Amino acid sequence: MSFLKQALPSPARLQALTKLRSEVFGTTYNPESLRTGSKVLKARLRGPAMLRYYGERISGWAGLNAAVPNLQLRDLAEETRLIDLETRRKRGKVTPKKGQGRRASMKKR
Amino acid sequence: MPRALPGHLALKDFKARKSVASNELLRRAYLYIVRNETVDPKVRTAAMLKLNAFPRDTRPAAIKNRCTETGRGGGVFSEFGLCRHRFKLAASAGDIPGVSKASW
C-alpha cells in the first residue's frame, strides 16, 4: 500500500486546495468548523409578526380621527371637562400641585 | 368595527410586543457577537452581559399569545388566536374555515 500513500497529497496541500476552492466559488473558508453566528443574522425578524397578532385596534376619539381622515369627531365629554376645570381654576378651587399647598408651605417655615 | 385591546393584560402584552419589536435589531447584533466563535472571548462575554442587561419586556420570551377577543391567557389555540370558549363559539357559527363539528 506504500504506492497509495505516495499518491495522496499532504494534508496541508489538501487544505490549501479547500481554501482556493472556497475563494473561487465564493464560499466561506472555515477549516476548524467554528460557529460564526450567521444563523442569527440570517434569521427573519419576529417583531413585525408579533405586532400584528392582535390585529388593527382603534380606541378612543383620537384613534378614530387618526384612522378616518376628514372625520374630525369631537370628544364632547373631554371638552366639557376642560371647560369645567378652567372655570374652577378661575375661582381658585383647583387642587394645588405637590409642594404648593398649605401643608408644604407650613413645613418650609 | 375594530375594538380596543381586550383587557389590561392584553394591553400589557401589546406593550411588550412593541418593546420587543423596537429592540430586536440591537439584540440580534449582540446575539451575533455572542454566538460567533471567531470573536475574542472577552468581547463575547461583554456582549452576553449586555444582552442580559436588557429589560424583561425586550425579550421575545416575554410575549404571550393571549385570546384576541377576550384577552384570556390560558387555553388559547395559537392557530386561531382564540381561547377555547371563543373558538367553540366561532367554530359553531361556521366563522372559522375548515373547522366543523366532529360527527361519526
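Note: hydrogens, waters and symmetry copies are ignored here, and every other heavy atom, side chains too, is used. Since the structure is predicted, the reported quantities are computational estimates derived from the model, not experimental observations. In what follows, chains carry the letters A, B, and so on, assigned in the order in which the sequence lines appear, proteins first and then strands, with residues in each chain numbered from 1.
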Colleague: Using non-hydrogen atoms and a 4.5 Å limit, figure out which bit of B/Ala29 sits close to chain A: side chain, backbone, both or neither.
Modeller: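 The answer is neither part of B/Ala29.
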
Colleague: Between B/Asn23 and chain A, with a heavy-atom cut-off of 4.5 Å, which part of the residue counts as in contact: side chain, backbone, both or neither?
Modeller: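 Neither the backbone nor the side chain of B/Asn23 comes within 4.5 Å of chain A.
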
Colleague: Looking only at heavy atoms, what is the nearest atom pair of A/Ala43 and B/Arg28, with distance?
Modeller: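 Minimum heavy-atom separation between A/Ala43 and B/Arg28: O-NH1, 3.1 Å.
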
Colleague: Under a 4.5 Å heavy-atom cutoff, which of A/Thr36, A/Leu34, A/Asn30 has the most pairs with chain B?
Modeller: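 Answer, by heavy-atom pair count under 4.5 Å with chain B: A/Thr36.
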
Colleague: Could you report the tightest heavy-atom contact between B/Val20 and A/Met50, atom names first, then the distance?
Modeller: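 In this case the closest contact between B/Val20 and A/Met50 is CG1-SD, 3.7 Å.
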
Colleague: Just so I know, are the side chains of B/Pro6 and A/Arg57 near enough to count as touching, which here means a heavy-atom distance under 4.5 Å?
Modeller: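 Contact flag for B/Pro6/A/Arg57 side chains = yes.
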
Colleague: Shortest non-hydrogen contact from A/Pro48 to B/Glu24?
Modeller: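 Looks like CD-OE1, 4.3 Å.
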
Colleague: Examine B/Tyr30 and B/Leu49 and state if one hydrophobic cluster contains both, with Ile, Leu, Val, Met, Phe, Trp and Tyr joined whenever side-chain heavy atoms are less than 4.5 Å apart.
Modeller: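 Result: no, two separate clusters.
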
Colleague: Any donor-acceptor pair under 3.5 Å linking the side-chain atoms of A/Tyr54 with those of B/Asp13?
Modeller: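 Short answer, yes.
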
Colleague: Are A/Ile83 and A/Leu85 linked, directly or through other ILVMFWY residues, by side chains that come within less than 4.5 angstrom of each other?
Modeller: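 A/Ile83 and A/Leu85: separate clusters.
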
Colleague: Over all heavy atoms of both residues, which pair between A/Tyr53 and B/Arg66 is shortest? Give the atoms and the distance, please.
Modeller: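 Closest approach of A/Tyr53 to B/Arg66: OH-O, 2.7 Å.
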
Colleague: If hydrophobic clusters are built by linking Ile, Leu, Val, Met, Phe, Trp and Tyr wherever their side-chain heavy atoms come under 4.5 Å apart, do B/Ile63 and A/Leu45 end up in the same one?
Modeller: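 No; tracing contacts between hydrophobic side chains, which count when under 4.5 Å, never links both residues.
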
Colleague: Does B/Arg44 CZ have over 12 foreign heavy atoms under 6.0 Å away?
Modeller: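 Enclosed: over 12 neighbouring heavy atoms sit under 6.0 Å from CZ of B/Arg44.
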
Colleague: According to a hydrophobic-cluster definition based on side-chain heavy atoms being under 4.5 Å apart (Ile, Leu, Val, Met, Phe, Trp, Tyr only), do B/Leu82 and B/Val99 belong together?
Modeller: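 Yes, because B/Leu82 and B/Val99 connect within a single hydrophobic cluster, where side-chain heavy atoms sit under 4.5 Å apart.
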
Colleague: Taking everything shown except B/Leu25 itself, do over 12 heavy atoms lie less than 6.0 Å from its CG?
Modeller: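 Not buried by this count: 12 neighbours or fewer within 6.0 Å.
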
Colleague: Do A/Tyr29 and A/Leu17 share a hydrophobic cluster, counting only Ile, Leu, Val, Met, Phe, Trp and Tyr and linking them when any side-chain heavy atoms are less than 4.5 Å apart?
Modeller: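 In one cluster with A/Tyr29: A/Leu17, no.
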
